[in-house]
Amino acid sequence: MSLSNLLLGKHNPDVLTCIANLSNDEIFTPPEMAGAMLDLAAETWAQDHDGENLWSNPTARVLDPFVKTGVFLREATRRFNEGLAAVIPDPQERVNHILTQQIYGIAITELTALMARRSIYCSKYANSEHSICTAFDTPEGNIWFERTEHTWDDKTGIRESRVDPLSGEEIFVHTGRRCSYCGAGEDDYDRGDEKETHAYAFIHTSDIKQRINEIFGASMHFDLIVGNPPYQLSDGAGGGGTSATPIYQNFVEQAKALDPRYLTMIIPSRWFTGGKGLDEFRSSMLHDKRLRVITDYVNASDVFAGIGLKGGVCYFLWNRDDEGDCAVTTHFKDQEPSRSIRPLLEDGLDIFIRFNQGIGVLDKVRNQSTGNSFADLVSARKPFGLDSTYRAPFTTPRDGCVKIYQRGGHGYAPLEHIRAGNELVDAWKLFVGFAAPGTGNRDTYPHKVISTPFLGRPGSIFSETYLCIGPFDSENASLSALSYLKCRFTRFLIQLHKASQNTTRKVYTFVPQQTWDREWTDEELYAKYGLTDEEIAFIESIVRPIEDE
């Protein structure tokens, strides 16, 4: 097969669409998505360079610093091969130039290094007789991988005293530490040589420019950094190893530190509202006016078929030398994509509103706001000081006990078990689950947004599984608030602030308080805030009636 056929030929099926993902955290990018991201970068390049074609520039360099299948670099190579045909007519000379001077990658594991070289060089060894590039003298070519170890931080672990089995002397060791670069848990990732460490070289350095120069053996600058980074690692903080910390933000920050002309990555959309390990990153991104494009997929399965990734995914384009508003495109179900050029932060807000249609609704609500947020009525976690593992000692009522709602049902607990929130015990209130119901890790719409709230009568409390809303002056007032919380309008405002399954007090920030003297309905709320038919239809495509179980 000729070089042109190898680089430009379309295969059905494309082998890179047939490879199973490594995990939900290391997801292979479909070729169509990789192509869309590269085309976006090329369009922006043309706008900034008087119509010049990025792929016709023989000095432009592209880096994927977290290569998996090599799809981004393969697609970039195809584009360069076509664009440089007039500049470097000889096919072999052109391919050698592109692959030795313009295409660079850092693999995340030894396996992905071999996969990527096979995708790009048509051989797992860049200098083999089967490689389409004849100019490499090393097997890795420009797709680098080298095992990297985590750096365990003694300050994050436990110092334990042990007896040396050989000498009998007391020695001290540290256990349960986390990596100072990525936060990985020692118990999960302190492995022998036979297993991957998942200590990604790109984020395990305090001087990324120097590290890149060491990797590629020269002073390097990249015009485009592109890719799909790993998303999270276990941090050893949860029971049974269930806790994970996001790491994709570290890759974004390191890429910016390399000072590329353009940066485009596909990452989870949860950063829009922050969360575990993401608040500082969210603030940095939303205040960066060089973030010029965000294309958001509310359902991650629209991009990564078969992958459960709650909160959706997005890809962005960061333009080092150009500031301004951001072009936001939202893909939701089978609706026409919504497009808007707008600031990343609306006046007075510190989170990104992912739905363009939600901006108008929120503006109408804020214009009538009295300053009293429903969030003021919502408790923090554990308002009564009881963990989610707490179990009441009694199953039937008895003197001196209060009814407690707990995971799996309810029971009765002595008053002395209550460690906080005594002022709420005998008040009228509402209970709502801390975690919203879901369908595994996938997003399905329309959904309830929150778990079904219910009335909390005087003399009742709950464990950490729930949040408390109140107190209210009477049963009628609490029932009025309950009807309000069940409205689709109310829960849509919660959804605008919500990025994960957990519904903390913060997600109620956009919800205004009402007068608790009636049964609230969506029709009344739609009319009160002057919503259009289109806005109502959109709300009802996001939020379903709470009676639907």
Side-chain angles (χ1 to χ4, degrees), residues 22-27 65-68 105-113 140 144-216 227-258 265 267-268 270-271 274-282 284:
L22 298 177
S23 69
N24 279 6
D25 306 323
E26 295 175 351
I27 300 172
F66 17 80
V67 170
K68 294 188 277 290
I106 299 173
I108 62 172
T109 65
E110 184 174 6
L111 172 63
T112 62
E140 64 268 15
W144 180 91
F145 174 76
E146 185 177 289
R147 183 182 175 92
T148 302
E149 302 295 335
H150 291 282
T151 301
W152 307 119
D153 185 354
D154 290 344
K155 296 178 182 178
T156 62
I158 300 172
R159 186 171 182 263
E160 296 180 350
S161 172
R162 296 181 182 177
V163 175
D164 189 314
L166 297 179
S167 67
E169 297 180 353
E170 182 183 32
I171 60 174
F172 292 93
V173 298
H174 287 86
T175 61
R177 296 172 294 182
R178 294 194 298 276
C179 177
S180 59
Y181 286 109
C182 69
E186 181 178 19
D187 293 342
D188 293 305
Y189 294 102
D190 188 17
R191 299 169 164 182
D193 292 341
E194 72 280 2
K195 292 184 178 180
E196 295 283 359
T197 63
H198 296 285
Y200 306 112
F202 192 67
I203 60 173
H204 282 70
T205 176
S206 56
D207 189 337
I208 186 59
K209 288 187 176 181
Q210 178 181 335
R211 186 70 181 112
I212 288 293
N213 293 345
E214 292 171 353
I215 288 173
F216 294 114
N228 178 11
Y231 293 161
Q232 65 183 30
L233 286 175
S234 173
D235 58 13
T242 59
S243 178
T245 187
I247 60 171
Y248 58 88
Q249 72 279 10
N250 298 335
F251 290 96
V252 176
E253 291 165 349
Q254 285 285 66
K256 285 185 179 181
L258 278 177
M265 292 187 190
I267 59 177
R270 290 187 181 187
W271 70 269
K276 183 177 181 179
L278 293 171
D279 287 340
E280 186 176 341
F281 175 69
R282 176 203 67 197
S284 172

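The shown structure was predicted, so the numbers you read here are calculated from the model rather than taken from an experiment.
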Electrostatic pair Asp154:Arg177 at N-O distance under 4.0 angstrom: yes
Whether over 12 other heavy atoms sit under 6.0 Å from Glu149 CD: yes
Which atom of Trp144 lies closest to which atom of Ala201, heavy atoms considered: CZ3-CB, 3.6 Å
Derivation of the side chain to side chain contact (heavy atoms under 4.5 Å, CB included) call for Tyr181 and Ile203: CA-CA 7 Å; Tyr181 286 109; Ile203 60 173; 5.7 Å; no
Presence of salt bridge, Arg211 and Glu214, under 4.0 angstrom: yes
4.5 Å side-chain heavy-atom contact, Arg270 and Tyr248: yes
Pairwise distance CZ(Phe66) to CG(Asn228) - rounded to 0.5 angstrom: 7.5 Å
Shortest non-hydrogen contact between Ser180 and Asp153, atoms and distance: CB-CB, 4.1 Å
Nearest atoms (heavy-atom pairs only) where Phe145 meets Ala113: CB-CB, 3.8 Å
Minimum side-chain heavy-atom gap Tyr200-Ile247 below 4.5 Å: yes
Euclidean distance, Glu186 CD relative to Thr156 OG1, rounded to 0.5 Å: 8.0 Å
Separation between CD1 of Ile208 and CG of Asn250, rounded to the nearest 0.5 Å: 11.5 Å
Ala199: side-chain contact (heavy atoms from CB on, under 4.5 Å) partners, not counting sequence neighbours: Thr148, His150, Thr197, His204
Distance (rounded to the nearest 0.5 Å) between Asp190 CG and Lys195 NZ: 11.5 Å
Heavy-atom pair of closest approach, residues Cys182 and Leu233: SG-CD1, 3.8 Å
Any side-chain heavy-atom pair of Gln254 and Thr205 under 4.5 Å: yes
Separation between CD of Gln249 and CD of Gln232, rounded to the nearest 0.5 Å: 10.5 Å
Note, Lys68 side chain near Thr109 side chain (heavy atom, < 4.5 Å): no
Contacts of Asp279 that satisfy side-chain contact (heavy atoms from CB on, under 4.5 Å) - sequence neighbours left out: Arg282
Nearest heavy-atom neighbours spanning Tyr231 and Ile267: CE2-CA, 4.1 Å
Interatomic spacing from CD1 in Ile106 to CZ in Phe216 - rounded to 0.5 Å: 4.5 Å
Exceeds 12 heavy-atom contacts within 6.0 angstrom, atom CD of Glu196: yes
Counterpart residues, side-chain contact (heavy atoms from CB on, under 4.5 Å), relative to Ala255 (two or more places apart): Phe202, Ile225, Leu263, Met265
